[in-house]
Amino acid sequence: MTKTSYLLPHSFQRIGWALLIACPFVFALQLWLFNGLELIPQKYSQFGTLALYVTAALSALFVGLSEEKQEDEFIQTLRLRSIANTAWICFVLAIVSALIVDISTAFRTKGIFSLLSYHRLFDSVIFAFFVYIILFRFRLYKYRKEAGHEE
């Protein structure tokens with residue numbers, strides 16, 4: 001019985017990191033073109049935002065779903081634990097942010113209204129991918145650091 005891998009080849013990870021590094025530059029270019037130089041009318045700024053969103057989504061996808069150089073059972077266990085913890089973190093953040101938004105809206109709390117537009121961030125798949133990448137990479141780093149001290 002053959003195992004089917006649902007992960008992308010390791011080379012996609014490099015592409016993902018390059019796209020992730022490109023995100024701040026795409027954001028700066030967007031601000032410069034639409035606000036600084038005013039070369040492009042502001043009504044077209046959603047296309048710059050779309051380019052940034054697609055760049056961030058592809059980078060998260062490529063980094064999060066590509067194989068490591070040496071993919072073994074321990075790496076798969078780390079992936080599963082990171083996915084489970086990501087689900088917990090994202091669900092808790094989504095519930096807490098929804099409660100805060102609903103309570104502040106009900107009581108018309110003015111201090112929190114600036115944060116109301118960000119509460120949907122926690123429902124985003126891209127946010128979940130970034131949480132997963134941070135958790136997985138941190139655990140992998142810790143494991144490799146501990147393994148390096150044992151040798």
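Because the structure is a prediction, the values reported are computed rather than measured.
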### Task
Just say parallel, tilted or perpendicular for the rings of Phe74 and Tyr143, cut-offs at 30° and 60°.
tilted
### Task
First locate atom CD of Gln76, then atom CD of Glu67, and finally report the distance between them rounded to the nearest 0.5 Å.
9.5 Å
### Message
Just verifying a value: how many Å separate Ile15 CD1 and Ser59 OG, rounded to the nearest 0.5 Å?
### Response
12.0 Å
## Note on the structure
Residue set satisfying ring pair (Phe, Tyr, Trp, His ring centres under 6.0 Å) with Phe27, at least two apart, ordered chain then number -> none
### Message
If hydrophobic clusters are built from ILVMFWY residues whose side chains come within less than 4.5 Å, do Val54 and Leu61 share one?
### Response
yes
### Task
Identify the two heavy atoms, one from Ser66 and one from Pro9, that lie closest to each other, and give their separation to 0.1 Å.
CB-O, 3.5 Å
## Note on the structure
Scanning both residues in full, the closest heavy-atom pair of Leu78 with Arg139 reads CD2-CB, 3.7 Å
### Task
Kindly work out whether a path of hydrophobic side-chain contacts (I/L/V/M/F/W/Y, heavy atoms less than 4.5 Å apart) joins Leu50 to Leu19.
yes
### Query
Just how far is it from atom OG1 of Thr86 to atom CZ of Phe127, taken to the nearest 0.5 Å?
9.5 Å
### Message
Would you say OH of Tyr53 has more than 12 non-hydrogen atoms from neighbouring residues, nucleotides or ligands within 6.0 angstrom?
### Response
no
### Query
Hey, what do you get for CZ (Phe12) to CG (Leu58), rounding to the nearest 0.5 Å?
10.5 Å
### Message
If hydrophobic clusters are built by linking Ile, Leu, Val, Met, Phe, Trp and Tyr wherever their side-chain heavy atoms come under 4.5 Å apart, do Trp17 and Ile126 end up in the same one?
### Response
yes
### Query
Between atom CG of Leu135 and atom CG of Leu140, what is the distance when rounded to the nearest 0.5 Å?
12.5 Å
### Atom of Thr55, atom of Cys23 and distance for their closest heavy-atom approach
CG2-SG, 3.6 Å
### Summary
Rounded to the nearest 0.5 angstrom, the CD1-OG distance for Ile134 and Ser82 is 11.0 Å
### Query
What heavy-atom pair brings Ile133 and Ala60 nearest, and what distance separates the two atoms?
CD1-O, 3.6 Å
### Task
Answer yes or no: is there a side-chain heavy-atom contact under 4.5 Å between Ile75 and Phe136?
yes
### Message
So, using side chain to side chain donor-acceptor pair (under 3.5 Å) as the criterion, who are the partners of Arg137 when residues are at least two apart?
### Response
Glu68
### Query
Any idea how Tyr132 and Phe129 line up, ring-wise: parallel (<30°), tilted (30 to 60°), or perpendicular (>60°)?
perpendicular
